[in-house]
There are 2 protein chains.
Amino acid sequence: MSVKTSTCPSGNEKVILFGLLMDTNARLAKGLNEELEKACRLPLAWFDALLQLRKAESGRLKMNELANAIVHSTGGTTRLIDRLYEAGFVAREQCPTDRRAIYVTITAAGNAKLDDALTTHLEFLQDTMADRLSGVERETLSTLLAKLNAH
Amino acid sequence: MSVKTSTCPSGNEKVILFGLLMDTNARLAKGLNEELEKACRLPLAWFDALLQLRKAESGRLKMNELANAIVHSTGGTTRLIDRLYEAGFVAREQCPTDRRAIYVTITAAGNAKLDDALTTHLEFLQDTMADRLSGVERETLSTLLAKLNAH
DNA sequence: CTATGTTAGTTGCTAATACAACTATTTACA
DNA sequence: TGTAAATAGTTGTATTAGCAACTAACATAG
């Protein structure tokens with residue numbers, strides 16, 4: 001029994017699209033993670049956290065903002081930042097206006113590591129993306145993903 | 001310092017596209033996982049494994065084929081199938097031509113559970129996808145993801 | 001001002017996954 | 001045929017992440 005002939009004929013196209021999104025992401029993430037580990041000894045989760053910190057307008061994020069940006073639980077983010085702190089890539093700052101809150105900032109070492117990792121990242125994307133999608137196609141894909149990702 | 005003005009100006013558009021893909025996937029997967037847990041008590045990983053088994057032409061997959069289909073390690077797949085077996089959703093069959101290999105098949109209970117989950121899944125996709133992307137846009141997105149996912 | 005509720009972050013616990021080492025089997029080839 | 005290499009799957013171990021309970025701080029209503 002194939003999916004096509006199963007109980008939900010009408011929405012099948014969406015199931016397939018969603019499956020394709022998950023699969024594409026999983027394979028690319030796996031490939032990038034391997035590359036980053038090999039070339040930079042940097043787990044993808046660390047890369048993502050550092051990238052989100054750099055992307056932040058103010059150059060820093062509160063724990064819960066970071067957790068949301070990397071789509072982790074707050075507990076998981078606490079531990080992740082513990083590890084990044086151990087490695088010297090981030091620092092914690094008290095928030096002057098709210099003593100519950102903590103700002104996470106990227107350190108010079110963190111920035112250097114991120115630059116390094118971005119080089120690897122770009123090589124990887126060049127290899128996996130450049131010859132598969134044209135510039136126009138990449139732009140279209142971006143637009144569609146952004147629409148789909150609207151919160 | 002924003003990403004735009006940092007060390008890799010030329011490939012930035014790709015970094016952003018990739019980030020968008022990861023982020024979109026993470027948020028949708030998280031949402032779907034919550035829905036499936038709530039409505040069916042079925043983890044997304046179980047759903048994915050059952051769906052891959054149903055999608056298989058022969059109605060069954062060897063362990064390593066399944067591992068590849070769900071993008072897991074073989075070790076992780078062994079444990080996942082252990083759990084699905086405990087729950088009665090899959091069975092293991094010896095391969096008659098290769099005594100090392102094991103076929104994983106979906107049981108009647110597994111099929112019933114998957115049908116149930118697909119209903120939830122479709123409702124979720126209807127909510128998150130239908131009003132954000134048109135039919136044509138979904139088709140375009142599928143095409144582009146398939147190109148990007150070429151192995 | 002105090003009490004109640006909400007928010008930010010951490011910690012204990014558990015579950016899930018990857019990696020590497022291992023066994024069993026098959027394949028290649030000399 | 002006999003041995004080495006490759007392949008399929010499992011298991012020990014460590015890492016990682018989520019959830020729920022917890023503490024501390026802030027906000028709001030009385």
Side-chain angles (χ1 to χ4, degrees), chain A residues 22 25-27 29-38 41-49 52 60-87 89-105, chain B residues 22 25-27 29-38 41-50 52-53 60-87 89-105:
Chain A
M22 307 261 284
N25 174 74
R27 285 178 207 284
K30 187 188 182 78
L32 176 58
N33 192 38
E34 279 166 10
E35 287 298 308
L36 285 174
E37 284 283 12
K38 187 156 60 80
R41 294 233 171 255
L42 189 74
L44 181 54
W46 294 28
F47 173 76
D48 192 25
Q52 297 302 327
R60 62 188 187 182
L61 289 171
K62 290 182 184 171
M63 288 297 296
N64 65 61
E65 294 171 330
L66 180 59
N68 179 61
I70 63 179
V71 197
H72 275 220
S73 66
T74 60
T77 305
T78 293
R79 262 68 177 257
L80 178 59
I81 292 305
D82 286 346
R83 291 188 293 268
L84 282 162
Y85 173 76
E86 288 292 319
F89 294 150
V90 300
R92 284 170 154 107
E93 285 177 13
Q94 278 292 335
C95 171
T97 62
D98 184 344
R99 282 185 302 168
R100 292 169 303 179
I102 304 240
Y103 281 116
V104 184
T105 61
Chain B
M22 307 261 285
N25 174 75
R27 285 177 208 285
K30 188 189 182 80
L32 175 59
N33 193 38
E34 280 165 10
E35 287 298 308
L36 285 175
E37 285 282 14
K38 185 156 62 79
R41 294 232 172 256
L42 189 74
L44 181 54
W46 294 29
F47 172 76
D48 192 24
L50 293 177
Q52 297 303 325
L53 288 172
R60 61 187 189 183
L61 289 172
K62 291 182 184 172
M63 288 297 296
N64 66 62
E65 295 171 329
L66 180 59
N68 179 62
I70 64 179
V71 196
H72 275 220
S73 66
T74 60
T77 305
T78 293
R79 263 70 179 255
L80 178 60
I81 292 304
D82 286 346
R83 277 172 256 140
L84 282 162
Y85 173 76
E86 287 293 318
F89 295 150
V90 302
R92 282 183 229 243
E93 286 177 13
Q94 278 293 334
C95 172
T97 62
D98 185 343
R99 283 186 301 172
R100 293 168 303 179
I102 303 233
Y103 281 116
V104 184
T105 62

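Below, chains carry the letters A, B, ... as their sequence lines are ordered, and counting in each starts from 1. In what follows, every heavy atom counts, from backbone to side chain, and hydrogens, waters and symmetry copies are set aside. Every value quoted in this text rests on a predicted model; they were computed, and no experiment measured them.
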Seminar exercise, completed: The answer to which of A:T97 and A:V71 contacts DNA chain D further toward the 5' end, by nearest nucleotide, is A:V71
For this session: Map A:D98 and A:H72 onto DNA chain D by nearest heavy atom, then report which one ends up closer to the 5' terminus.
Result: A:H72
Check whether any side-chain nitrogen or oxygen of [X] sits under 4.0 Å from OP1 or OP2 of [N], and answer yes or no.
X	N	answer
A:R99	D:dA24	no
B:R92	D:dT10	yes
A:N64	C:dT7	no

Write down the distance between [atom1] ([X]) and [atom2] ([N]), rounded to a whole number of angstrom.
X	N	atom1	atom2	result
A:I102	D:dA25	CD1	C1'	12 Å
B:D82	C:dA15	CG	P	15 Å
B:Q94	D:dG9	CD	C1'	10 Å
A:L84	D:dT16	CG	C1'	13 Å
A:W46	D:dT15	CH2	C1'	12 Å
A:K62	D:dA25	NZ	P	15 Å
B:L80	C:dA15	CG	P	15 Å
B:I70	C:dA18	CD1	C1'	13 Å

If I take atom [atom1] from residue [X] and atom [atom2] from residue [Y], how far apart are they, to the nearest 0.5 angstrom?
X	Y	atom1	atom2	result
B:T74	B:R79	OG1	CZ	10.0 Å
A:D48	A:L42	CG	CG	10.5 Å
A:L80	A:L66	CG	CG	7.0 Å

Ignoring the backbone of [X], work out which of [options] is nearest its side chain.
X	options	value
A:T78	D:dA17, C:dT10, D:dG18	C:dT10
A:R100	D:dG9, C:dT17, C:dT6	C:dT6
A:M63	D:dA17, D:dT10, C:dT10	C:dT10

Problem set entry | Beyond-backbone contact of A:R92 with A:D82, side-chain heavy atoms, under 4.5 angstrom | yes
Exercise. Are any of the side-chain heavy atoms of B:Q94 and B:I102 separated by less than 4.5 Å?
Worked result: yes
Exercise. When the nearest nucleotide of DNA chain C is assigned to A:K30 and to A:T74 on a heavy-atom basis, which residue is associated with the more 5' position?
Worked result: A:T74
Seminar exercise, completed: Heavy-atom nearest nucleotide on DNA chain C taken for A:G76 and for A:N33; more 5' hit belongs to A:G76
For this session: Ignoring hydrogens and angles, answer whether the base of D:dT16 and the side-chain atoms of A:R79 contain a donor-acceptor pair closer than 3.5 Å.
Result: no
